[in-house]
Amino acid sequence: MALLWQKQVGDTCYQVRNHGASVRLYSNGVFHSQWNPRDPLKGSLWELLLLPAFFLPEERLNSVLVLGVGGGALIRLLQAFTSAKRIVGVDLDPVHLDIARRFFGVRDVELVCADACDFVHDHLKRPSHSTFDLVIDDLFGHCDGVAQRAVPADKSWCSSLMRLLHKDGVLVSNFGDRPELQNSAWRDKAMRERLGGAWMAYMPQYENHILAVSRRTLRKGELAARAPEKINPANPNRRLDFRMSQLR
């Protein structure tokens, strides 16, 4: 694996490495993102974050908000496998956004360098703020090499995210493990009453659990009908191996 680029900013050492045609982002040695434009489907966690997009009919997925850009692998997947006309990516780290543009090839999207909480708060303050068909909450940091959510999924945060969402939209949220999801405000009775559909998914090789919620009913059969061949190809080396169940 070759080192393409390296930069030290304060206590953080950023590295971009390539492995064949793949480009990878590391921060302090922790693997963040990977993108291979020739072969984007690798059965990765980023694909599991993308999967709930297919709860929506293609013509209903026009605008996407990604909170937490990292290297931009998820944005590249959205561009490759959806017809979203507007994608907004928010990240607190200007180095991440620079890497996304320079090395991951992120183009034709709105990249915003801001604290996600401030961005959401300011957006919702607008008298007639726009909503998004798909909101992806992937705000993670690292402590001692362990990935941790950067923003607690409490009632205030979950309610704010729902206000960003179109009435028929889908919200996706990444959690470090199952207990973190189960202890979140998404399982609060008042919050659950606002939801028509709530699913969680995970991959055996990761502890992360991905939550997908909506005000409308989310049918697994519709997801399966729209997603399989382009997100879950027949090649077993590229298959997205995941488990999915309704949030209880």
Side-chain angles (χ1 to χ4, degrees), residues 46 49-50 52-79 81-101 104 106-141 149-175 181 184-188 190-198 210-218:
W46 301 284
L49 281 165
L50 171 67
F54 298 99
F55 276 121
L56 291 165
E58 186 174 1
E59 66 275 9
R60 280 293 304 116
L61 181 53
N62 296 308
S63 58
V64 182
L65 174 63
V66 178
L67 299 173
V69 172
L74 179 55
I75 289 177
R76 293 305 309 272
L77 285 166
L78 285 162
Q79 291 178 315
F81 295 105
T82 77
S83 57
K85 299 176 180 64
R86 182 191 182 206
I87 299 175
V88 180
V90 180
D91 202 294
L92 178 63
D93 193 332
V95 180
H96 281 173
L97 298 181
D98 183 51
I99 290 170
R101 294 185 183 100
F104 281 68
V106 173
R107 303 282 187 274
D108 303 319
V109 302
E110 301 171 43
L111 294 181
V112 181
C113 186
D115 178 278
C117 293
D118 291 341
F119 174 89
V120 170
H121 177 73
D122 292 344
H123 188 82
L124 293 176
K125 279 172 56 179
R126 299 173 187 172
S128 56
H129 65 269
S130 60
T131 57
F132 298 88
D133 301 311
L134 179 67
V135 175
I136 301 175
D137 167 19
D138 189 26
L139 295 167
F140 267 77
R149 277 189 59 89
V151 180
D154 56 20
K155 291 181 183 178
S156 175
W157 180 245
C158 296
S159 295
S160 294
L161 294 182
M162 289 298 291
R163 289 178 61 199
L164 289 171
L165 198 64
H166 183 273
K167 64 181 179 65
D168 294 325
V170 174
L171 171 65
V172 182
S173 193
N174 188 2
F175 290 87
L181 189 160
S184 74
W186 292 114
R187 295 188 69 239
D188 180 79
M191 184 63 66
R192 290 295 305 276
E193 288 175 350
R194 299 170 59 184
L195 304 177
I210 308 302
L211 178 70
V213 301
S214 179
R215 295 182 183 90
R216 67 181 185 86
T217 302
L218 299 179

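All residue numbers refer to positions in the sequence shown, counting from 1.
No donor-acceptor distance shorter than 3.5 angstrom exists from the side chain of T217 to the backbone of G197, with no hydrogens or angles considered.
L165 places a side-chain heavy atom less than 4.5 Å from the side chain of R215. Here the side chains of S130 and H123 are in contact, with some heavy-atom distance below 4.5 Å. Considering only heavy atoms from C-beta on, H96 stays 4.5 Å or farther from C113 through its side chain. Within the 4.5 Å cutoff, the side chain of L56 has heavy atoms near those of the R216 side chain. Side-chain contact between S214 and F55: absent, with no pair of heavy atoms (C-beta onward) separated by less than 4.5 Å. Two residues are said to be in side-chain contact when any heavy atoms from C-beta on lie closer than 4.5 Å; F104 and I99 meet this criterion. Looking only at side-chain heavy atoms (C-beta outward), D137 and R149 come within less than 4.5 Å of each other. Under the 4.5 Å side-chain criterion, counting only non-hydrogen atoms from C-beta, T82 is in contact with L50.
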Mind listing the side-chain donor-acceptor pairs of residues 65-75 below 3.5 Å, one per line with the distance, residues two or more places apart or on another chain?
none

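Rounding to the nearest 0.5 Å places CG of N174 at 5.0 Å from CG of L49.
Each of V151, L139, D122, L92 was evaluated against C117; a single residue qualifies, V151, per the side-chain contact (heavy atoms from CB on, under 4.5 Å) test.
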